[in-house]
Amino acid sequence: MLTRREFVKLVALGSASLLLGCAKKETPIPTETPVETVTPTKYKAEFVLGYGRDHRLKGGKWGIGFFPKIHVLERLVEYDLKNDEYIPCLAKRWEIEKDGKIITFELNKGIKFSDGTELKADAVKFTVEWLAKNHPLGQETFESAEVVEDYTVSIKYKEEGFFNLAKMAEFHMSIMSPKSVKPEGDPKGNFVWPIGSGCFKAVDYKEEQYAIYEPNPYWFERFGLKPKFKRFVVKFIKDEDTRVMALKGGQVDAISDFIHGGSDYTPRNQLSVLEGMGFKVFKRNIPLTWIIAFNYKKDPFNDVKLRKAVDLAINRDDVIKIFDKQVLPAKTLFIEDAPGIKEAKAQGVIYEFKPDEAKRIVEENGYKGLSVDMIVDKNQSDQILVAQLIQQKLKDIGINVKLEVLETGAYRQRRDAGEYDMRLYYIGGTDRRFYLRMFWRFYPGQKWSAYVSDRTGELCKKILKEFDEKKRKQYLVEFYKAIHDEHGVVPLYFDIMTAVTAKNVVADYYHIFHYPNGIPFGEPLFYYVGVRA
Amino acid sequence: MEVVAFRMGIFRNTLCTLGLGIIVFIALMGLLAPIIAGDPYKTNMSERLKPPSLKHLFGTDQLGRDVYSRIVWGARTTLLVALTISIISMTVGCLLGAIAGYFGGIVDDVIGRIIDTFLAIPELVFNIALVGIFCVAYGTSIWNVILAVVVTNWVSYARVMRSIVLSLKEREFVICEKALGAGDWYILLRHVIPNALGPIIVLATLNMGNVIMTISSLGFLGLGVQPPTPEWGQMINAGKNYITTAPWLTFFPGLFIALSVLGFNLLGEGLQEVIGRKRLVE
């Protein structure tokens with residue numbers, strides 16, 4: 001028999017147990033792992049991008065477009081701008097012989113093209129030989145290529161120098177399958193369709209209308225990722241405002257700049273507006289600087305004093321206001337991440353705004369009331385505004401600028417014929433083009449030159465030849481100083497690379513501007529985006 | 001002149017008065033631009049995209065320029081270009097139309113087919129193509145726009161003039177002149193064309209609105225007057241990216257284009273009524 005005390009104790013214990021039992025159902029024990037109740041995000045099968053340039057998937061003078069070169073093909077090496085270093089991609093290591101005249105690349109094993117065949121040395125040899133026969137850059141770069149072993153290829157270049165390695169990260173040097181041409185593997189063969197090892201495979205294309213891609217399963221497998229869409233549709237929308245309207249209207253899930261840089265981009269002054277409307281703006285600083293280029297071989301801009309006056313008259317902080325401060329003022333020749341810029345800046349190589357000094361130079365040298373012309377490409381609406389601002393700034397120091405806003409064709413005609421005094425131009429590009437554009441813009445005898453003098457030309461030659469990073473940096477600093485002293489070009493602002501996505505697009509900055517293994521990319525990548533259903 | 005105007009009933013016609021009032025207002029605005037507006041080119045980046053206020057009546061644009069000043073100076077550009085186009089088109093069109101109508105035969109056939117050919121091509125598309133060609137061939141100039149619009153604009157004058165002359169040449173005064181031994185060119189220039197001017201003036205007035213629209217459209221497409229010269233169509237083009245954040249950049253140029261077109265259309269309609277009534281009285 002239970003005593004009353006024992007009975008009360010038992011009832012109290014039972015009640016407590018019951019209460020605890022009930023409580024357990026309501027509140028999980030904190031030490032236990034919470035049960036995942038979030039349902040996985042459902043994505044649409046299709047991701048649609050609005051883009052300003054045709055992808056030329058059937059090939060053109062410069063091969064396929066820049067976009068598929070990045071998304072369908074891969075390169076032997078990639079470039080890390082911050083560390084001024086070439087890093088492995090398809091190649092895991094390389095050996096440089098005879099001052100860069102020969103570079104032997106050892107390839108990573110197990111990389112497959114989107115058709116399932118393995119990427120071996122013969123594909124690299126084929127690409128090099130095909131480029132040497134068919135591509136202007138390949139023709140001036142490569143002499144021959146030789147398969148050493150299954151995964152080792154030796155490339156012989158026409159010239160020696162560091163520039164050979166730098167070129168291997170360039171868009172045009174992307175490696176393609178020998179099956180991309182007909183007859184298969186023939187370096188003289190006709191290009192038919194790009195087959196690469198990159199994140200997407202091209203499946204359909206209609207010139208000036210669209211390009212359709214699908215995820216390359218071998219690439220996703222290599223990086224342990226799962227694609228969030230089945231089809232990647234790129235619609236070509238030439239007009240920048242129409243692209244923005246297409247995004248706002250929901251006809252596309254995202255828009256992106258032409259990854260070449262310098263044209264067909266989302267108007268910078270629209271970025272803040274889009275951000276305000278809830279769109280996600282991904283932007284990355286790239287070493288692309290908009291400049292005033294002079295016709296420096298011709299009167300009056302063959303006078304360094306006049307070039308200096310123009311340089312000092314430009315308020316770069318005002319220039320960036322045109323772009324709602326989405327870009328940075330160019331007080332150095334390139335962004336700070338570019339090699340040698342910080343060192344040059346520490347040595348006082350800075351572009352300043354000194355209107356009074358500019359005015360004095362103009363007056364002292366008899367340039368007051370001088371009339372010059374400036375040509376602008378009509379298709380770059382931002383540049384028309386920049387040109388008008390420059391016109392006013394130069395008027396303030398006594399120089400009259402006649403603006404000529406020309407159709408692209410007419411603009412190029414005038415530019416190539418040297419019929420102008422000033423024009424807006426750009427130097428640099430996305431990271432991979434840093435050295436290539438240095439060659440095109442500052443190396444003696446180039447078609448698309450911005451400025452060349454004996455001093456800057458010599459320094460440019462040294463930079464592109466020098467393998468030793470420290471020495472190269474030293475030449476770069478000297479080069480920046482020379483351009484600054486000679487006022488060869490007037491830097492205005494540093495451009496950016498952007499991608500804008502709709503609210504329902506899942507995307508993050510890291511995957512848009514990096515390869516899954518951490519290699520930084522100056523061009524936006526779309527392998528890890530998904531459109532919420 | 002005033003008596004004549006009164007006789008024609010211009011000032012008694014509401015449409016005419018209203019239209020004339022608007023045109024005079026815009027013309028005065030353009031004429032007095034140096035007095036009533038500031039420098040339309042002066043940029044001020046610290047004042048950019050400011051909304052309308054007492055300091056800047058119509059706000060400021062992306063470069064901090066006063067939109068009111070640009071509108072006022074833009075009236076000069078728009079009206080001058082439109083007037084030049086109309087005068088050249090009218091002269092060329094009337095002359096060719098009169099020759100075709102008066103002489104008839106093969107001359108009429110040739111001019112008639114040319115008119116038909118031009119009428120078969122959409123006007124604005126043709127203008128765009130022509131401005132593009134002229135720009136490549138001769139560089140950018142306001143004369144490209146004038147020439148391109150004249151090429152398509154003379155046709156309407158020629159067509160109307162031809163049909164008027166066809167009826168006029170059968171009238172007694174022309175037959176009398178011929179009987180008196182007057183030459184064809186004398187009769188054409190001295191008697192036929194002056195008698196056809198009434199409907200042509202109405203057409204010219206109505207056409208001015210059309211020309212202003214064409215100039216503005218070309219400006220909007222970036223083919224007209226080149227920046228930084230203020231021109232209404234080009235101002236709308238420059239402001240279209242800011243339509244949600246700074247609507248005044250497109251609103252005011254749009255308003256003045258609409259006003260000027262309305263002004264010329266009202267005057268044209270009114271003149272048509274007045275001339276029609278006068279003819280009935282006669």
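Naming: A, B, ... by sequence-line order, numbering from 1 per chain.
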Return yes when atom [atom1] of [X] has more than 12 non-hydrogen atoms of other residues, nucleotides or ligands closer than 6.0 Å, and no otherwise.
{"X": "B/Trp143", "atom1": "CH2", "value": "no"}
{"X": "B/Arg159", "atom1": "CZ", "value": "no"}
{"X": "A/Lys359", "atom1": "NZ", "value": "no"}
{"X": "A/Lys298", "atom1": "NZ", "value": "yes"}

| Do B/Met45 and A/Leu389 come close enough that some side-chain heavy atom pair is under 4.5 Å? |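 Yes, at least one pair of side-chain atoms sits under 4.5 Å.
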
| remark: Rounding to 0.5 Å, atoms CG (B/Leu63) and CD (A/Gln391) come to a distance of 10.0 Å

| With respect to chain B, which residue among A/Ile322, A/Val319, A/Asp324 yields the maximal number of heavy-atom pairs within a distance under 4.5 Å? | A/Ile322

| message | Please classify the contact between B/Asn44 and chain A as side chain, backbone, both or neither, with a heavy-atom cut-off of under 4.5 Å. | response |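 For B/Asn44, neither part sits under 4.5 Å from chain A.
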
| field | Toward chain A, the part of B/Thr43 with a non-hydrogen atom under 4.5 Å | value |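 B/Thr43 touches chain A through backbone and side-chain heavy atoms alike.
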
Which answer fits [X], side chain, backbone, both or neither, if we ask what part of it has an atom under 4.5 Å from a heavy atom of chain B?
{"X": "A/Lys393", "value": "neither"}
{"X": "A/Gln270", "value": "side chain"}
{"X": "A/Asp317", "value": "neither"}
{"X": "A/Val273", "value": "side chain"}

| message | Restricting to non-hydrogen atoms, name the atom on B/Pro227 and the atom on A/Gln388 that form the minimum distance, rounded to 0.1 Å. | response |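 Scanning both residues, the minimum pair turns out to be CB-NE2, 3.4 Å.
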
| Which one, B/Lys240, B/Arg48, B/Arg65, leads in non-hydrogen pairs under 4.5 Å with chain A? |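 The option with the most such pairs is B/Arg48.
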
| message | Pair B/Gln62, A/Asn269 - check side chain to side chain contact (heavy atoms under 4.5 Å, CB included), show working. | response | CA-CA 10 Å; B/Gln62 329 59 326; A/Asn269 52 38; 5.7 Å; no

